[in-house]
Chemist: 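Before I ask anything, here is the structure I am working with.
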Amino acid sequence: MDIGRKTGTETDLRVKIAGVEWKNPVTVASGTFGSGAEFAEFVDLNRLGAVTTKGVANVPWEGNPTPRVAETYGGMMNAVGLQNPGIEMFCDRDIPFLKQYDTKIIVNVCGRSEEDYCQVVERLADEPADMLEINISCPNVKEGGIAFGQDPKAAERITKAVKRYAKQPVIMKLSPNVTSIAEMARAVEAGGADAVSLINTLTGMKIDINRRRFVLANKTGGVSGPAIHPIAVRMVYEAAGAVAIPIIGMGGIQSAGDAVEMILAGADAVSVGTANFYDPAVTMKIVDGIECYMKENGFKTVSEMTGLAQ
Amino acid sequence: MADRKKERVKVLSQECIADGIYSMWIESGAALLAKPGQFLSIYTKDKSKLLPRPISICEADEERGRMRVVYRVTGEETGTEQFSQLKEGDGLEIIGPLGNGFPLERGIGKRVILTGGGIGVPPVLELAKRMECKEKLIVAGYRNSQTFLRDEFEANGKLYISTEDGSVGVKGNVLDAIRENDLETDVIFACGPSPMLRALKEYAAEKDIECYLSLEERMACGIGACLACVCKSKGKDPHTNVKNKRICKDGPVFLSTEVEF
């Protein structure tokens, strides 16, 4: 028996993002979770609202030379460079793997040109993926990728192009390396995006003073982890004020409190990334913790909390 | 299925065994699973340092449920410095054992050389303890006369030493020790800095010797998901579908002819 529980407060963790119902508002950030196979040993994938896969391109990509990662204060930096096995192997192996679990599948798509993205999106149209997340914000790719994510016109254009081919709802993943995140959110909404996810990593750099060399082979990398959380919260708040489409908020979430904060800022769902590296079961704790917070504060649904901060 | 987790373990002992080199025994059920050449992801308590430190297993004591790591403190205010300050009874969080380990079965009935250089020396100990073969030669390369783990090596094989300063054994590196002592072998198992491994890869190719190398690279997740710690492979890897292998998951031990680094 639950003493102190308000009558009829059966908490419902379900959220609907662009018409797709997730059992709870928690997914994982692309690139931090592979396509689920490695983490399946540590985490019950059935308990995730959705699994967002590593970015996949039309052909296999080798990624950047190593070192690809470095630790930073309260975070890390990566320049993996979108290494991926290509869409064919992904469809043959990774989608069937995830279909074994009762979780939504969000396929992250990357590319070097509009044609690349469209080719992958078209290929995925007949696959049992639930949603697509278009990565136009990865700062590590030298050609194409970075241009889309930092120019509103290009972002709107790529959104329109992808929407022509996509069967599944399209989430545009925004880069924080911009002057106005609200402007970028509006641009992709105008292009027809069904949802936005933000933030991707912030471009950073680290120099080893003993060797007097850049720590990453790529020189720059994307900074992630708790250190960027306040920036992510602020940007989610700004994006939420700018668009009507659903928002998946991410950036340094490592606890249920961080996730609730993101939701109060305006996120309809949250994504957990870097925290998986130092606490592989963190997503489970976050799902449970969100439910606890809702019970303790009398919230029946997640949408009741979305954007509540003032 | 989802039965692996980050484990909270107890430190049993901590000892400084050479300048900047520490030996720590930890109590852990993972000792039952540990194979030579595998490593542990060890986490600091310092919230500003999030990533695990991957440290090779030096010894695994199945009977008493404990494992030993021997590691170098890499600098002031580093994670390894924090580990070196832990005492008996202190708690620690780890994930492990990780990685593939050395293929012990490749030594059965053969003459083998087990070789480690610098901070690659510690994992050679468990390898030496578990290797069953026709002839077991251990070649350990040090910087100077602080030949840590020497006694343990001598108890587990025929030991040859090289030191960079020439104070003990052959002056130079492990390959110098191998050449100067005219050591012949069928299989080499090696761990150490990249220049040493490159030299051994060439030497093995030259002599047509089967050779296994334990590689290292900056890691993040340690479990094969993030693709940070790759090495180039000769052929396309069946998992990644490109010429890259994950050192934490497909390795750290690779056949020398399979990898380029």
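Below, chain A is the first sequence line, B the second, and so on; all start at residue 1.
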Chemist: Check the surroundings of atom CD in A/Glu41: do more than 12 heavy atoms from other residues, nucleotides or ligands lie under 6.0 Å from it?
Modeler: yes
Chemist: Do other residues, nucleotides or ligands put more than 12 heavy atoms under 6.0 Å from A/Glu38 CD?
Modeler: yes
Chemist: Please find the pair of heavy atoms, one from B/Asn244 and one from A/Gln83, that lie closest to each other, and give the distance.
Modeler: ND2-OE1, 2.8 Å
Chemist: With a 4.5 angstrom heavy-atom cut-off, which part of A/Val69 approaches chain B: side chain, backbone, both or neither?
Modeler: both
Chemist: Test your reading of the model: is there a side-chain donor-acceptor pair from B/Arg218 to the backbone of A/Glu71, 3.5 Å cut-off?
Modeler: no
Chemist: Any heavy-atom pair between the side chains of A/Pro226 and B/Leu50 that's under 4.5 Å?
Modeler: yes
Chemist: Near B/Arg198 CZ, under 6.0 Å, is it more than 12 heavy atoms from other residues, nucleotides or ligands?
Modeler: yes
Chemist: Tell me the closest heavy-atom pair linking B/Val242 and A/Asn84, and the distance in Å.
Modeler: CG1-O, 4.2 Å
Chemist: Does any heavy atom of chain A fall under 4.5 Å from the side chain of B/Lys249, the backbone, both, or neither of them?
Modeler: side chain
Chemist: With chain B, which of A/Gly63, A/Ala37, A/Pro67 has the greatest number of heavy-atom pairs at distances under 4.5 Å?
Modeler: A/Pro67
Chemist: Take a 6.0 Å sphere around CZ of A/Arg212 and say whether it holds more than 12 heavy atoms from other residues, nucleotides or ligands.
Modeler: no
Chemist: Tell me if the CD atom of B/Glu77 is crowded by more than 12 foreign heavy atoms within 6.0 Å.
Modeler: no
Chemist: Out of A/Gly86, A/Gly75, A/Ala227, which one racks up the most heavy-atom pairs below 4.5 Å with chain B?
Modeler: A/Gly75
Chemist: Identify which of B/Glu93, B/Glu217, B/Lys5 forms the greatest number of heavy-atom pairs closer than 4.5 Å to chain A.
Modeler: B/Glu217
Chemist: So which atom in B/His239 and which in A/Arg93 form the shortest heavy-atom distance, rounded to 0.1 Å?
Modeler: O-NH1, 2.9 Å
Chemist: Can you say whether A/Thr72 sits under 4.5 Å from chain B via the side chain, the backbone, both, or neither, judging by heavy atoms?
Modeler: backbone
Chemist: What's the shortest heavy-atom distance between B/Ala220 and A/Met76, and which atoms?
Modeler: CB-CE, 3.9 Å
Chemist: How long is the gap from CZ on A/Phe42 to NZ on B/Lys6, to the nearest 0.5 Å?
Modeler: 11.0 Å
Chemist: I'd like to know which of B/Asp3, B/Asp46, B/Ile95, B/Val230 tops the heavy-atom pair count under 4.5 Å against chain A.
Modeler: B/Val230
Chemist: For the CD1 atom of B/Ile247 and the OG1 atom of A/Thr66, what is their distance to the nearest 0.5 Å?
Modeler: 7.0 Å
Chemist: Taking B/Lys47, B/Lys243, B/Lys236 one by one, which has the highest count of heavy-atom pairs under 4.5 Å against chain A?
Modeler: B/Lys243
Chemist: Any idea which of A/Gly74, A/Ala281, A/Ala275, A/Pro280 has the most non-hydrogen atom pairs under 4.5 angstrom with chain B?
Modeler: A/Gly74
Chemist: How long is the span from the CG atom in B/Asn241 to the CH2 atom in A/Trp61, to the nearest 0.5 Å?
Modeler: 14.5 Å
Chemist: SG of B/Cys226 to CZ of A/Phe39: how many Å apart, nearest 0.5 Å?
Modeler: 8.0 Å
Chemist: Closest heavy-atom contact between A/Phe277 and B/Cys221?
Modeler: CD2-CB, 3.4 Å
Chemist: Heavy-atom distance under 4.5 Å to chain A: side chain of B/Lys49, backbone, both or neither?
Modeler: both
Chemist: Near B/Lys10 NZ, under 6.0 Å, is it more than 12 heavy atoms from other residues, nucleotides or ligands?
Modeler: no
Chemist: May I ask you to test the B/Leu227-A/Lys54 pair for a side-chain heavy-atom distance under 4.5 Å?
Modeler: yes
Chemist: Should we count CD of B/Glu88 as having more than 12 external heavy atoms under 6.0 Å?
Modeler: no
Chemist: Quick check on A/Tyr73 against chain B: is it the side chain, the backbone, both or neither that has a heavy atom closer than 4.5 Å?
Modeler: both
